[in-house]
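Below is one structure, written out as structure tokens, with a few remarks after it.
By convention here, the first residue in the shown sequence is residue 1.
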Amino acid sequence: MKVFNTLSRKKEEFVPLQEGKVSMYVCGPTVYNLIHIGNARPMIVFDTARRYMEHKGYEVNYVSNFTDVDDKIIKKANEEGVEASVISERYIMECKKDMEALNVKSATTHPKATNEIGGMIEMIQTLIDKGHAYVAQDGTVYYKTRSFKEYGKLSHKNLDDLRSGERALLVSGQEQKQDALDFVLWKPKKEGEPYWESPWCEGRPGWHIECSVMSKKYLGDEIDIHAGGEDLIFPHHENEIAQSEAANGKEFAKYWLHNGFLNIDNKKMSKSAGNFFTVRDISEKYDLQVLRFFMLSAHYRSPLNFSADLMEAAKNGLERIVTGVDNLNFLLEHGAKGAMTEEERKLVETAKGYIEKFDAAMDDDFNTADAISAIFELVKFVNTHVSGESSGAFVEAMKDEILLLSDICGLIVDRKKEILDTEVEGLIQERQEARKAKNFARADEIRDMLAAQGIILEDTREGVKWKRA
Ligand code: AMP
Ligand code: ZN
């Protein structure tokens, strides 16, 4: 498997630090609002990369954070007159709902910045002790950027160019910096802001330190993959490298993967310009599987344009696969039975070629666009070779193959299985509550609704058990 590494600007053979295991950190959203469709891109593409690596047999330890302390969160909290945590908890919950609707798997760990302040203080202290950070008069702790000789290696920027070109970095309120390039590790509290005790002042961490600390705590000093949107290359990821490598004395991440940006109608997404969509907005018009399909129909590193036409094309594309599976389900429900013929066995062998094609595309830096083409070819092959005369075993085998590849992409294409486990559990819970409230009509309605989806409920003494028919 080859991946494009932003560090070397080359496709490199992927060799994990530990055989059979992958440690992966993906920078997550700042939770002050519903996530927008741009935020959904890294979630979907790196979830697909994870699924593919799991399909290849790797055990993937996937960590993705929630940034839950930030100016925008604090501003919103003050506007609503509530604690910052009320805002962040609300939008973490909403984000998880969107992720589930997009069929993005939960991370192995979803740490929150505010739970990791102790670790941040520790790492900042290490950086001070090692001469990579200093405390200004007001208690702000700055990272001494020039002390890290390799600064700029990820973004391929030269420190001296940065110094002359990025004077804007020296913004008001940060005059105590020794150098324009130095960045904040810890800053003093301001009126109306949440704060924590620290050896330097009551205050809160800068943004970059949280990822260095959470990555170290949950994955170790050295990890395989660090990922996020391309806007994070500089300064966020560059600063993370400077912090982690100076503090730990080891190479932070072996492979740096970055997704391209999502634009709307060929323009930068912008709330003020009115071209801005949350994932929730899109869910009112489309099944979110269409959005997922749309994101995967381009290579993750390419810029991607979102438009009504392209979403319609994505809807039709997904529909082709779903219809292919519908046809197979129809045959299975209407008499396709028995073992495979010799000819069918040969066809199954031939169809394996599509799996190889799919794998070859994904092995080439997760080329989901070509991988989806391989699924289309497989569906076409199936439509050509499966008929009313086919054996049940052959129809099942073809269906399994389509579902295997679709599942690696996280695409739900079997309408019979469209309802997610957590949705079933949510409905069962609602049914229990309806029964308690003696609303038996609603309870029966839920049972029937689940039955229509092939979900069978069994009331036992230990509670309600369920299974798929
Ligand atoms: P943020 O909440 O802004 O820190 O963003 C969370 C993640 O979404 C980061 O990995 C960003 O790089 C990514 N992201 C934000 N906007 C876009 C966009 N328009 N297209 C692609 N990725 C984006
Ligand atoms: Zn980060």
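- Legend: ring-ring contact (aromatic ring centres under 6.0 Å, His included) pairs involving residues 358-390, not counting sequence neighbours, sorted by first then second residue: Tyr354-Phe381, Phe381-His385.
- Taking the side chain as every heavy atom from C-beta outward, Val63 and Pro111 approach each other to under 4.5 Å.
- Residues satisfying the ring pair (Phe, Tyr, Trp, His ring centres under 6.0 Å) test with His36, not counting sequence neighbours, are Phe276.
- The aromatic ring centroids of His208 and His237 lie 6.0 Å or more from each other.
- Within the structure, the ring-ring contact (aromatic ring centres under 6.0 Å, His included) test picks out no pair touching residues 81-104 (sequence neighbours left out).
- For Asp370, the side chain to side chain donor-acceptor pair (under 3.5 Å) test picks out Asn367, with sequence neighbours left out.
- In this structure, CZ in Phe294 is found 10.0 Å from CD1 in Ile44, a value given to the nearest 0.5 Å.
- For Lys268, there are no salt bridge (Lys or Arg N to Asp or Glu O under 4.0 Å) partners, not counting sequence neighbours.
- Using the six-membered ring where Trp is involved, Phe14 and Tyr255 have ring planes that are tilted, between 30° and 60° apart.
- Partner Leu457 forms a side chain to side chain contact (heavy atoms under 4.5 Å, CB included) with one of Arg431, Lys467, Lys465 and no other, that one being Arg431.
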Side chains of residues 23-30: which donor-acceptor pairs under 3.5 Å do they make with residues two or more places apart or in other chains?
from: Ser23; atom 1: OG; to: Asp224; atom 2: N; distance (Å): 3.1
from: Ser23; atom 1: OG; to: Asp224; atom 2: OD2; distance (Å): 3.3
from: Tyr25; atom 1: OH; to: Asn65; atom 2: OD1; distance (Å): 3.3

Donor-acceptor pairs under 3.5 Å, side chain of residues 440-452 to any protein atom, not counting sequence neighbours: which ones?
from: Arg442; atom 1: NE; to: Glu430; atom 2: OE2; distance (Å): 3.0
from: Arg442; atom 1: NH1; to: Glu445; atom 2: OE1; distance (Å): 2.4
from: Arg442; atom 1: NH2; to: Glu430; atom 2: OE2; distance (Å): 2.7
from: Arg447; atom 1: NH2; to: Asp459; atom 2: OD2; distance (Å): 3.1

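- Within the 4.5 Å cutoff, no side-chain heavy atoms of Gln125 are placed close to those of Trp186.
- Listed by chain and number, the residues in a ring pair (Phe, Tyr, Trp, His ring centres under 6.0 Å) with Tyr52 are His55 (sequence neighbours excluded).
- Residues satisfying the salt bridge (Lys or Arg N to Asp or Glu O under 4.0 Å) test with Asp265, not counting sequence neighbours, are none.
- Applying the ring-ring contact (aromatic ring centres under 6.0 Å, His included) test to pairs two or more places apart or on separate chains, those with a residue in residues 321-340 are Phe330-His334.
- For the ring pair (Phe, Tyr, Trp, His ring centres under 6.0 Å) test, residues two or more places apart in sequence or in another chain that qualify with Phe66 are His110.
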Distance-only check: which donor-acceptor pairs under 3.5 Å involve side-chain atoms of residues 392-399, not counting sequence neighbours?
from: Lys399; atom 1: NZ; to: Asn329; atom 2: OD1; distance (Å): 2.7
from: Lys399; atom 1: NZ; to: Asp414; atom 2: OD2; distance (Å): 3.3

